[in-house]
Amino acid sequence: MTDSFKGILYPARLPTFHRLPAPEPVAHLVQWFWIPEWDIEPGRSSRQHLIAYPTSNLVVQGDVVEFSGPTTRAAYRDLSGKGWAVGALLRPAAVPLFSDAPETLRDTGLALDLHNLHTAVSAAMETHDGGAYRGRAVDAFVAWLVSLDVAVSEEALLANRMMDIIATDPEVVRIEDAASLLAVSPRTLQRIAKKYIGLSPSALIRRRRLQDAAERTRSDPTADLAVIAVELGYADHAHLTNDFRKFLGFTPSSYRRSAGAADC
């Protein structure tokens with residue numbers, strides 16, 4: 001978990017970065033916690049490029065707690081100075097706690113007045129003692145979530161299962177594939193995706209394939225791009241290239257070259 005960089009386009013450019021699994025008491029609400037830390041010399045910045053996971057995040061950073069909605073495209077953030085963030089990649093069942101219309105928050109965020117959460121996480125992060133403070137920050141985040149005493153509905157759990165299947169099963173290339181595995185109708189999946197995620201099931205499938213394609217392209221520089229395209233369910237190399245251009249702004253071959261240069 002802590003060394004997985006799926007969704008991060010240029011891992012070599014990252015500051016200190018950790019992913020920690022969600023403990024069992026909140027596993028129905030959080031996929032994992034992520035903690036970047038940076039200390040960049042004055043006058044310089046570090047640009048972080050992402051193909052974000054297609055769900056929302058709750059992030060404690062600086063002087064704010066932000067609910068960050070689902071993204072529709074590759075994104076970047078410029079880091080400067082010294083700082084940290086503690087984020088929870090939310091499972092669909094958690095989204096209604098913070099928004100009843102996640103589609104209205106696509107590619108944007110909403111500051112929330114969650115003073116207790118901010119205070120508890122900040123206190124842990126600002127007490128450095130080896131690496132134990134990260135675990136304590138997650139513990140504080142978990143304790144806050146548990147205190148909400150959330151009752152998760154069967155519909156919300158179905159939304160979680162839908163996301164799990166789409167995110168992990170490469171055989172799911174159409175909404176009908178996911179609907180069949182879950183024994184529900186495509187219309188049902190479209191409805192719960194809108195309510196709990198803010199993106200369509202087709203968009204979720206496309207994101208998984210694009211993340212997988214980017215990771216394979218970067219991590220296996222000798223793999224034939226046409227083979228990668230077919231293995232990930234694209235009709236051919238041209239369709240993979242079109243997806244890269246549309247959502248990332250460059251081709252798979254140019255990404256491979258730039259990712260290789262970043263690793264040097």
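Count residues from 1 along the sequence. Both backbone and side-chain heavy atoms feed into the values below; hydrogens, waters and symmetry mates do not.
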Practice task
May I ask whether Phe33 and Val64 are part of the same hydrophobic cluster, defined by side-chain heavy atoms of I, L, V, M, F, W, Y residues being less than 4.5 angstrom apart, directly or through others?
Solution key: no

Handout entry: Expected output: side-chain His118 to main-chain Asp113 donor-acceptor under 3.5 Å
Key = no

Handout entry: Lys/Arg-Asp/Glu bridge criterion (N-O < 4.0 Å) met for Asp139, Arg136
Key = no

Handout entry: Rounded distance (nearest 0.5 Å) linking atom CD1 of Ile166 with atom CD1 of Ile205
Key = 4.5 Å

Exercise for the section: Report yes or no: do Val146 and Val95 belong to one cluster of Ile/Leu/Val/Met/Phe/Trp/Tyr joined by side chain heavy-atom distances under 4.5 Å? Expected result: yes

Problem - Minimum heavy-atom distance Ala85-Val59, with the two atoms named - result: CB-CG1, 4.1 Å

Exercise for the section: Test Phe98 against every option in Leu105, Leu112, Val65 by the side-chain contact (heavy atoms from CB on, under 4.5 Å) rule and name the one that passes. Expected result: Leu112

Practice task
Determine whether Pro170 and Asp212 make a side-chain contact, defined as any pair of heavy atoms from C-beta on separated by less than 4.5 Å.
Solution key: no

Practice task
Search all heavy atoms of Ala179 against all heavy atoms of Ser185 and return the closest pair with its distance.
Solution key: CB-C, 3.9 Å

Handout entry: Atom pair CD1 (Ile192) and CG (Leu182), whose distance is rounded to the nearest 0.5 Å
Key = 7.5 Å

Handout entry: Glu24 CD: over 12 foreign heavy atoms closer than 6.0 Å
Key = no

Fill in the blank from the handout: Between Leu225 and Ser253, the two heavy atoms sitting closest are CD1-N, 3.9 Å

Practice task
Walk me through it: do Arg91 and Tyr196 pass the test side-chain contact (heavy atoms from CB on, under 4.5 Å)?
Solution key: CA-CA 9 Å; Arg91 303 198 73 193; Tyr196 291 94; over 6 Å; no

What pairs of donor and acceptor atoms, side-chain ones from residues 228-236 against any protein atom, are under 3.5 angstrom apart with sequence neighbours left out?
unit_1	atom_1	unit_2	atom_2	d
Glu231	OE1	Arg216	NH1	2.8
Glu231	OE1	Arg216	NH2	3.3
Tyr234	OH	Asp243	OD2	3.2
Asp236	OD1	Ala238	N	3.1
Asp236	OD1	His239	N	3.0
Asp236	OD1	His239	ND1	2.7

Handout entry: Same cluster (ILVMFWY, side-chain, under 4.5 Å), Leu58 and Met125
Key = yes

Exercise for the section: Run the numbers on Arg174 and Asp177 for salt bridge (Lys or Arg N to Asp or Glu O under 4.0 Å), then give the verdict. Expected result: CA-CA 5 Å; Arg174 303 176 305 148; Asp177 300 328; 3.4 Å; yes

Practice task
Anything under 30° is parallel, anything over 60° is perpendicular, the rest tilted; go ahead and classify Trp32 against Tyr53.
Solution key: perpendicular

Exercise for the section: Examine the side chains of Ser202 and Ser200 and answer whether a donor and an acceptor come within less than 3.5 Å of each other. Expected result: no

Exercise for the section: Give the C-alpha distance, both sets of side-chain angles, the deciding distance and a yes or no for side-chain contact (heavy atoms from CB on, under 4.5 Å) between Leu97 and Leu90. Expected result: CA-CA 10 Å; Leu97 298 174; Leu90 300 178; over 6 Å; no

Handout entry: Nearest heavy-atom neighbours spanning Gly69 and Ser56
Key = CA-OG, 3.7 Å

Handout entry: Any donor-acceptor N/O pair, Ser258 side chain to Tyr255 backbone, under 3.5 Å
Key = yes

Problem - Asp107 side-chain N/O to Thr72 backbone N/O, donor-acceptor pair under 3.5 Å - result: yes

Exercise for the section: Starting from the C-alpha separation in whole Å, work towards a yes-or-no answer on side-chain contact (heavy atoms from CB on, under 4.5 Å) for Thr71 and Arg207. Expected result: CA-CA 10 Å; Thr71 63; Arg207 186 72 56 83; 3.2 Å; yes

Practice task
Is it possible for you to say whether Trp84 and Leu117 belong to one hydrophobic cluster, with membership spreading through side-chain heavy-atom contacts below 4.5 Å?
Solution key: yes

Practice task
Using the rule that two of Ile, Leu, Val, Met, Phe, Trp, Tyr join whenever any of their side-chain heavy atoms come within less than 4.5 Å, decide whether Val30 and Met162 are in one cluster.
Solution key: no

Problem - Separation of Asp164 CG from Gln31 CD (nearest 0.5 Å) - result: 6.0 Å

Exercise for the section: May I have the step-by-step check of side-chain contact (heavy atoms from CB on, under 4.5 Å) for Arg161 and Leu157, ending in yes or no? Expected result: CA-CA 6 Å; Arg161 293 196 298 273; Leu157 293 175; 3.9 Å; yes

Problem - Distance (rounded to the nearest 0.5 Å) between Arg256 CZ and Asp220 CG - result: 7.0 Å

Handout entry: Heavy-atom pair with the smallest gap, counting every atom of Gly87 and Phe141
Key = C-CE1, 4.5 Å

Practice task
Please answer whether the main-chain N or O of Trp144 pairs with a side-chain N or O of Asn116 as donor and acceptor at a distance below 3.5 Å.
Solution key: no

Practice task
Indicate yes or no for a side-chain donor-acceptor contact from Arg208 to the backbone of Asp169 under 3.5 Å, with no hydrogens or angles considered.
Solution key: yes

Fill in the blank from the handout: Between Tyr133 and Thr127 the two heavy atoms that sit nearest each other are CB-O, 3.1 Å

Fill in the blank from the handout: Rounding to 0.5 Å, atoms CD (Glu66) and CG (Asn57) come to a distance of 9.5 Å

Exercise for the section: Report yes if some heavy atom in the side chain of Ile197 is under 4.5 Å from a heavy atom in the side chain of Pro102; otherwise report no. Expected result: no

Exercise for the section: Rounded to the nearest 0.5 Å, what's the gap from CG on Asn242 to CZ on Phe247? Could you check? Expected result: 10.5 Å

